[in-house]
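As structure tokens, the structure follows; a few thoughts come after it.
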Amino acid sequence: GNGGGGQGGPGGNSANNFLVNDKNGISTTHSLGINYTDKWGKNLDVTGSYFLNQGINKTMQTVHRDYLLAIDSGQVYDESSNNTTNNINQRFNLKMEWKIDSSNSILFIPKLSLQTNNAHSILNGNTIANSILQSSTNNVNNTLTNAFNFSDDLLFRHRFKKRGRTFSVTLTTGLNGSNSENDLHAANNYFRSDTTTSRIIDQESKISKKGSNIGGNFMYTEPLGEKGTIVANYTNNYQFTSNDKKTKSYPQADYLNNYNPALSSTFDNSYITNKGGLGYRFNTRTIQLMASVNYQQSILHSDQSYPYQ
């Protein structure tokens, strides 16, 4: 679903919150949105919103294919499939602005989103040549995913007595994660004379993803002349992600201990960035110009612990 709240803040009433993406099949949507606005005391403005969306999509499809070329003459393929997806999104947004005095203010914006997605699909297909069954396929796939994403921005702004001279510092943190379980069963049968060959795929996968980040930004502006401003800024950010996917393929893998290394992996990533810059802005009623120089240093570290190196 689309993000809760409009661009103007968490209390926005964007109509996109109540829309779903176009999909094949029949879609049913249930949506609920609540906005809150209040003033706590003389200097604290509070806005918030809660949004709930449930989208259910059902697709039934039938395929009938006749082969007319001489090499495949008399061959027919029939397929039927049934897919159901149930997706639930929840979003909580809050914006608190504390105007300490005419020169200082603090802005706090936390956001939380929750998602549950349940998908189920079945596919059956048969290939017939001259009224004789040549092959058949049966696929069943089930996936359940739960995910969350939390982020917050804490901004402090200070305006000096000299017009155009300002200082601001922003602290940003975030947490996210998801857990998925997937079951796949596929049976492919091939019929030749009195012999039947079967290829079975029976897999169970569990995927866990975790992430976190923390960063800070410092910005200072200094007026230069009547129309110009010098802007200096520095940003530091640390991001960590962890991905763990374990897949069991039966009967090749032991139910309790062994995983399929070709379909399993565990790795961690850490990413650190440092960025500093200096710029100049020139503003008039008809002209806006800006030039800046920035330098960034990035460090990426990855560690794979499975399959073992």
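We number each residue from 1, following the sequence as shown.
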Is a donor on one side and an acceptor on the other found under 3.5 Å between the side chain of [X] and the backbone of [Y]?
X    : Y    : value
Q134 : I132 : yes
T247 : L263 : yes
N118 : T85  : no
N57  : N24  : yes

Is it true that atom [atom1] of [X] has more than 12 heavy atoms of other residues, nucleotides or ligands lying nearer than 6.0 Å?
X    : atom1 : value
R163 : CZ    : no
K209 : NZ    : no
R159 : CZ    : no
M60  : CE    : no

Less than 4.5 Å apart, side chain to side chain, heavy atoms only: is that true for [X] and [Y]?
X    : Y    : result
H301 : I272 : no
L154 : I106 : yes
Q90  : Y50  : yes
E79  : L123 : yes
V76  : D78  : yes
T143 : N117 : no
L44  : M96  : yes
Y77  : I128 : no

Distance alone, cut at 3.5 Å: any donor-acceptor contact between the side chains of [X] and [Y]?
X    : Y    : result
N141 : D183 : no
N139 : T137 : yes
N89  : N53  : no

Side chain to side chain donor-acceptor pair (under 3.5 Å) between T266 and D244: does it pass, once the steps are laid out?
CA-CA 4 Å; T266 301; D244 182 30; 2.6 Å; yes
Between D38 and Y36, is the side chain to side chain donor-acceptor pair (under 3.5 Å) condition met? List the steps.
CA-CA 7 Å; D38 199 2; Y36 172 82; 3.0 Å; yes
Kindly determine whether K99 and D101 satisfy salt bridge (charged side-chain N to carboxylate O under 4.0 Å, His left out), including the steps that lead there.
CA-CA 6 Å; K99 298 177 182 177; D101 51 40; over 6 Å; no
Determine, using the 4.5 Å side-chain heavy-atom cutoff (strictly less than), whether [X] and [Y] are members of one ILVMFWY cluster.
X    : Y    : answer
I88  : F92  : yes
I56  : L52  : no
V63  : Y67  : no
I207 : L144 : no

Residue pairs, two or more places apart or on separate chains, that pass ring-ring contact (aromatic ring centres under 6.0 Å, His included) and touch residues 208-238
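Qualifying pairs: none.
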Angle class for the H158/F160 ring planes (parallel below 30°, perpendicular above 60°, tilted otherwise)?
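It falls in the perpendicular class, over 60°.
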Could you give the distance from [atom1] ([X]) to [atom2] ([Y]), rounded to the nearest 0.5 Å?
X    : Y    : atom1 : atom2 : result
N93  : L112 : CG    : CG    : 9.0 Å
L114 : N149 : CG    : CG    : 9.5 Å
N236 : K275 : CG    : NZ    : 13.0 Å
N124 : N138 : CG    : CG    : 4.5 Å
S302 : N269 : OG    : CG    : 3.5 Å
Q304 : F267 : CD    : CZ    : 8.0 Å

Of the non-hydrogen atoms in [X] and [Y], which two are nearest, and what is the gap between them?
X    : Y    : value
L171 : G215 : CD1-O, 3.3 Å
I100 : N43  : O-ND2, 4.2 Å
W40  : V46  : CD2-CG2, 3.6 Å
D268 : N243 : OD1-N, 4.3 Å
R165 : P223 : N-CD, 3.7 Å
E204 : K206 : OE2-CE, 4.0 Å

For the pair F150 and D152, evaluate side-chain contact (heavy atoms from CB on, under 4.5 Å) and give the outcome as yes or no after the intermediate values.
CA-CA 7 Å; F150 172 79; D152 68 333; 4.1 Å; yes
The test is side chain to side chain donor-acceptor pair (under 3.5 Å); show your working for Q115 and N87 and say whether it passes.
CA-CA 7 Å; Q115 181 185 33; N87 187 73; 2.9 Å; yes
Could you please spell out the steps behind the side-chain contact (heavy atoms from CB on, under 4.5 Å) verdict for F167 and T221?
CA-CA 7 Å; F167 172 76; T221 64; over 6 Å; no
Do T172 and T170 pass the side-chain contact (heavy atoms from CB on, under 4.5 Å) test, and can you show the C-alpha distance, the side-chain angles, and the key distance before you say yes or no?
CA-CA 6 Å; T172 301; T170 305; 3.9 Å; yes
Kindly determine whether H185 and I200 satisfy side-chain contact (heavy atoms from CB on, under 4.5 Å), including the steps that lead there.
CA-CA 8 Å; H185 178 80; I200 306 298; 4.1 Å; yes
Ion pair check, R157 and E97, cut-off under 4.0 Å
yes
Salt bridge K162-E222, side-chain N to carboxylate O under 4.0 Å
yes
Among S135, S136, S80, the one residue meeting side chain to side chain contact (heavy atoms under 4.5 Å, CB included) with N126
S136
Donor-acceptor list for residues 276-288 side chains, cut-off 3.5 Å, not counting sequence neighbours:
from	atom 1	to	atom 2	distance (Å)
T284	OG1	T286	N	3.4
T284	OG1	I287	N	2.8
T284	OG1	I287	O	3.3

Can you list the residues that meet the side-chain hydrogen bond (donor to acceptor under 3.5 Å, both in side chains) rule with S298, with sequence neighbours excluded?
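Result, side-chain hydrogen bond (donor to acceptor under 3.5 Å, both in side chains) vs S298: Y271, Q296.
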